[in-house]
Each structure stands twice: as C-alpha cells, then as structure tokens.
Visitor: 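Got a structure for you, written out below as structure tokens; questions coming shortly.
Order of the sequence lines fixes the chain letters, A, B, ..., with proteins taken first and strands second; residue numbering starts at 1 for each chain.
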Amino acid sequence: MSEEKSLNFLEDIIEADLAAGKYTSIVTRFPPEPNGYLHMGHATAICLNFGLTKKYPGYTNLRFDDTNPVTEDTEYVESIKADIKWLGFEWKNELYASDYFDELYNYAVQLIKKGLAYVDDSTSEEIATLKGTPTEPGKDSSYRNRSVEENIDLFERMKNGEFKDGARTLRAKIDMAHTNMLMRDPLLYRIKHAHHHRTGDNWCIYPMYDFAHGQSDSIENITHSICTLEFVPHRELYDWLIEQLEIFPSHQYEFARRNLSYTVMSKRKLLQLVNDHHVNGWDDPRMPTISGMRRRGFTPASIIKFCDTIGIAKRENIVDFSLLEFCLREDLNNTALRAMAVLDPVKLIITNYADEASEELTSENGPDEAYGQRIIPFSKELWIEREDFMEEPAKKWFRLAPGAMVRLKSAYIVRCDQFIKDENGLITEIHCTYFPESKSGSDNSGLHTKGVIHWVSAKHAATAEVRLYDRLFKVENPSSEEGDFKDYINPDSLQVINAFIEPSLKEATIDKRYQFLRKGYFCLDKESSEDKLVFNRTVTLKDAWAKEVKK
RNA sequence: UGGGUUAUGGUGUAAAGGUAGCACAACAGAUUUUGAUUCUGUUUGUCUAGGUUCGAAUCCUAGUAACCCAACCA
C-alpha cells in the first residue's frame, strides 16, 4: 500500500525536522476565530493540520482565537466544532486563546519590565499617522519613553477598567522606522469594555492577534504553526515576541489559501450574501460553507479527497470547480443508492398494455450487487422526461422519437407510434407499443436499442419538490471583476421544481445519497417532511449528450 | 521612493543539474439496460533576456508580472 506520492513543502520541512531529531513528534493546531461559519477554505486548513498529525507522530489542537469579544459568539464555536467532526477529524484538546488571558497579561508585564513595551495615550488617528507608510518611516510616539514604573502602573489601571475604550493601548517598543510595518511598535493590548463569550466581564483589555496567537502556540508547544500567506510579514513579530519572552519556540509556516472558481471565499463576502438575502442563510446549499455543502449533499470523503488532490503550495491559485465536482461524483458514484425520478414530465401511454394492469419489476439499488435490488411498479401510463423525446430527432439521437424504439430502464422496450400536442404545440402524450418479450432480465425479443430512459409509473408515483442548484456566480473570479462582486451573482442558481418520483423514494432518509438515474445525485433537504418531500440536487451527472448538442 | 511572497499546459500540483510527470478540464474512440460508470488514446506548459554547463524548470545576472503589508480585525 505504499503509493509513492511526492511531499508538499510542509511535509518536507516536517520530515527534515523529524530526521534531524529536532522533534520526535509534532503538534499542530487549527485556530478559527469564532465569528462566522467555516467554509471550504477552512476545510483545506483543517485537512492540512489534522492530516499532518495523522501522517506523522503527534496531534492537533482545536484552538479558538477568541481575542475580540465584540464579534465572537458561542454559536459559532458550536458550529465550528460540528463541522470539524463532520469532516471526520478529532482534536486532541479543545482550547481557547481566552484560556491564556492571565498568562498573556503576565507576558505583557514582562515585556514592560524589559523596557520593550509601553502604554501609548495616542488616539487611533495619531497612531496611524505616526506609523508612516510602506515607503516612509514612522515617527516615535511622544509616550514612547515613559518609565517602566509608569508603564506598569498605567497598564494595570487599563486592566482595572479605569480608562475608556480606545483611550490607551499597550505597544511593543521595536522600531518605528522598520521596513516591516508590523514591527513599527505594534499594538499588543487594547481596551474594550465588552462581554466575552467565555471570560464574561473579567477583562476589559484584550490582546491583539499578534500578542495572542504566537504565545498561545508556544504555551501549547505547537511545533508547526501553519497559516496563510498574508501572515508572512507577521512572522518577524511572531519570532521577536517568542525570543524576547524566552518561551517555547513555535515556528510559523505559511501556505497559499485555496480559491475556488465561481464562488467567493471570504467571511466578509459570505456574510454579505447572507445579510442581503442573496442566499437563504449560512447553510444555503449554494454556499461554499461546510454547512452549506453538507446540506447540498457533499460527503466528507469528497471534500477530503479534493483537498488532498489540490495539494498545498505558496502560489496564487484558483482551483477549477470541476475538480471539486469530480471528487464529489467519484465518491457518490460508489456510494449513492439508485432510484428513478422524472423532473420535467410528459406522459407516455402504452397502448397495448391492459388499462388496469400493473406489475412489479426489479432494479438494482446501487453500483454493485452488494446494494441489492428494489421493486418498482409498472403500468400503462408512465411519466418520462420531456427531453427524452424529440419530434424531429437530431443526428446521433437514440432516445424516443416517432417510430423509434427505446428501452425503459429495467422494464420493456417500447416503440413510439404517435404523439399528441395541445393547441400551443406542447406535446402532452406520447403513445407507444411495448414488446412483452423484451422484459428486463428475460429478454428474448431479439430487439436491441441504444437508448435507455428512466420513467415513473404515473399511478404509483409520489411527488417531491426538487431544488436544482447551479453555480452561485456567473464568472470564474467574482472578486477580481470590475464593480461589486454581487453584480456577478448567477440569477438562476436555484430552480425549484416539482417532480414525480418512484414510490420507494418515500422512504428516503437524510443521511443517504441518491442517484436519480441519468439526472444526478440528490439528497433529502432538512426542510423535507412526510407531507412534502424536498430533495436537493447535489450535482448533475456528466452529460455527454449535452456536449454533443453544443457542437 | 520601501519591505515581503510567488511565477511550470486552460486549472491545480510534481520533478533537489540528467526523459518535464500526475490529476481535473478539453478532444477522439471502445464498452454500457444510466449518452453515467469503466477502459484506451490525443492536444496543450517551464514569465522574459542573457550567462555558466556535455546537459538548466532547477545555478548566476538583469528584467517583467501578480499578490501581501500603512484595522485598537484575525
């Protein structure tokens, strides 16, 4: 089972570290901020961090980066945990940056005592002005040279709630002329009289990302702290703080976040889609959120396979949506139950079949024999797909057409004798004769058809609402187009129809996936009820005929 | 007039001086009681210009392009 696969750059680093004896096992962490729902981008990070400690000795912590109480909430904590579990990963410890608030405070005092941090009374505007720009150096704040005693006193009073929000900050004392903007006396603590989802009202000062993340990594003995590319400039500060505090040296490594074509992947933009009601909530099946994809019918296996296939690197990228669909179909093809449903019905009447007769036919349930068989009722009047009939057949057409024969899946071969149109030219009935000796499994008719179509017995059919989803955006990269990304929303991303389904589908359950023969993969939606079945289309089947038509 | 990161087919990703490979997509064909699946084959690539070398995606020099950094967000 030793399939040779080349290592990505992080695996290279880890194998080198392990080989050099730097570590005997590794510790990674997945550090979401509990201020929104997880999306496909997070899934890559999850697969990466948890995948690494599956492959190499060690473990992964789940750590909520909850240092900004005004945006964070327990609701998100719960959804994040549920999503990770659903993907099938297990964290070693459930931790919170807020668990370390006392330690972080002490670290800050330590820095002050070393003369490496100071309390600044400047306003946010003043700080911004003094910061300079990427091409111009900044200037020192006039509060930069306060004494250690004064700083200790002020910082303690900040903690005690003596000052209003924004009145003062604690800053590291590094270098206001540094070429790296993040080293120009970065803010370490700010005052926020806000209720925290875990620490309540214990604190009114909260550490900034840079003073919480690396220190939390260190406290947890994280060996490989993996984040996305935009944090590259933070690494210098990350290392500086660890060095000055003389704590466990965690190391930060950065990879390029994955982008998916025809969607957006930033929390901010996803939030807009929800707030402006372009979608129906975070778990709308069109959303690239984990919860949306779950509802849509994606399987954990397909998502993990996708993450694995696209790999990991440091360059800009937009992954083809079709690769995700490929991974999805591959998994679903092997696992989905088969059933028949007619989404756009037209009636087919078998003229030589007895009016009141019906019979029970059998059909395979899945991709192989292990799935067994099920019974499907057959009768004189059937629903078939409107698009499976062509009045004037195109070249290479081998479905139903006047005079043409086609196999009804798992049933009989029929020949179209005539069809009926209404006053608008819409075909309402297709009349066929069937060949009794062509019954599936005992066919001795000698007939042969190239086309096979699905059907549902009209008098036995159940009905269901079916939601057909398409890509959310009309363009590959909505964020890089001119104007607002919302201008590129696909107005036809959701189509709701009513379908006729075979009766066995009334027993469908929400944990199962179904292939509606020739139409795609579907799953029951959470809004489904006994009175009204609702199915989501997860993804269509590949359609070679549709391609033929395009030509 | 700064600093950092990155450039390999349409897309993603390998190749640590020695045959540019894999997957998706596209195209062609075979099989098929799902125009699905499966199978076979084909097309397409090393950012540019120089240099080193028997040999360069890889090393050197000079360019070019894209992305990130001036939130009391993470």
Visitor: Measure the distance from NZ on A:Lys192 to P on B:A71 and round it to the nearest whole Å.
Guide: 15 Å
Visitor: Take the protein atom CZ of A:Arg315 and the nucleotide atom P of B:U46, then report the distance between them rounded to whole Å.
Guide: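 About 15 Å, once rounded to whole Å.
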Visitor: OP1 or OP2 of B:U11 versus the side-chain N and O atoms of A:Arg258: is any pair under 4.0 Å?
Guide: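 So the side-chain polar atoms of A:Arg258 never come under 4.0 Å of the phosphate oxygens OP1 or OP2 of B:U11.
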Visitor: I'd like the P distance from B:G55 over to B:A15, given in whole Å.
Guide: 24 Å
Visitor: Name the closest nucleotide to the A:His234 side chain, picking from B:G35, B:C24, B:A74.
Guide: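 The answer is B:A74, which lies nearest to the side chain.
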Visitor: What distance, rounded to whole Å, do you find between the two P atoms, one in B:G2 and one in B:G63?
Guide: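 Pairwise P distance, B:G2 against B:G63, rounds to 12 Å.
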Visitor: Rounded to the Å, how far apart are A:Asp543 CG and B:A26 P?
Guide: 12 Å
Visitor: Determine the interatomic distance between P on B:U46 and the same-named atom on B:G35; round to the nearest Å.
Guide: 40 Å
Visitor: Could you tell me how far B:A62 sits from B:U13 if I compare only their C1' atoms? Round to whole Å.
Guide: 30 Å
Visitor: When rounded to the nearest Å, what value does the distance between P atoms of B:C22 and B:G45 take?
Guide: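 Result for the P pair: 15 Å, nearest Å.
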Visitor: Examine A:Phe306 together with A:Phe326 and report whether their ring centres are nearer than 6.0 Å.
Guide: no
Visitor: Rounded off to whole Å, could you give me the CG-to-P distance for the A:Leu188 and B:A71 pair?
Guide: 17 Å
Visitor: Measure from CD on A:Glu325 to P on B:U11 and round the result to the nearest Å.
Guide: 18 Å
Visitor: Determine the interplanar angle of the A:Trp383 and A:Phe500 rings, folded into 0 to 90°, and report it as parallel if under 30°, tilted if 30 to 60°, perpendicular if over 60°.
Guide: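 A:Trp383 vs A:Phe500 ring planes: parallel.
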Visitor: Using the six-membered ring wherever Trp is involved, compare the ring planes of A:Phe378 and A:Trp455 and label them parallel, tilted or perpendicular (cut-offs 30° and 60°).
Guide: perpendicular
Visitor: For B:C27, does OP1 or OP2 lie under 4.0 Å from any side-chain N or O of A:Lys547?
Guide: yes
Visitor: Once the angle between the rings of A:Tyr96 and A:Phe64 is folded into 0 to 90°, is it parallel (under 30°), tilted (30 to 60°) or perpendicular (over 60°)?
Guide: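 Aromatic pair A:Tyr96/A:Phe64 classed parallel.
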Visitor: Tell me: CH2 of A:Trp455 to P of B:U33, nearest whole Å?
Guide: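 Distance, rounded to whole Å: 18 Å.
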Visitor: For B:U40, give its Watson-Crick or G-U wobble partner with both distances under 3.5 Å, or none.
Guide: B:A28
Visitor: Would you mind reading off the distance between A:Leu260 atom CG and B:G12 atom P, rounded to a whole angstrom?
Guide: 11 Å
Visitor: Could you tell me the separation between the CG atom of A:Asn317 and the C1' atom of B:G10, rounded to a whole number of Å?
Guide: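 Between C1' of B:G10 and CG of A:Asn317: 15 Å.
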Visitor: Give me the distance, rounded to whole Å, that separates B:G41 from B:C47 when you measure between the C1' atoms they each carry.
Guide: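 Those two atoms are separated by 32 Å.
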Visitor: Which nucleotide in the set B:A71, B:U33, B:C68 lies at the smallest distance from any side-chain heavy atom of A:Ala128?
Guide: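 Shortest atom-to-atom distance from the side chain points to B:A71.
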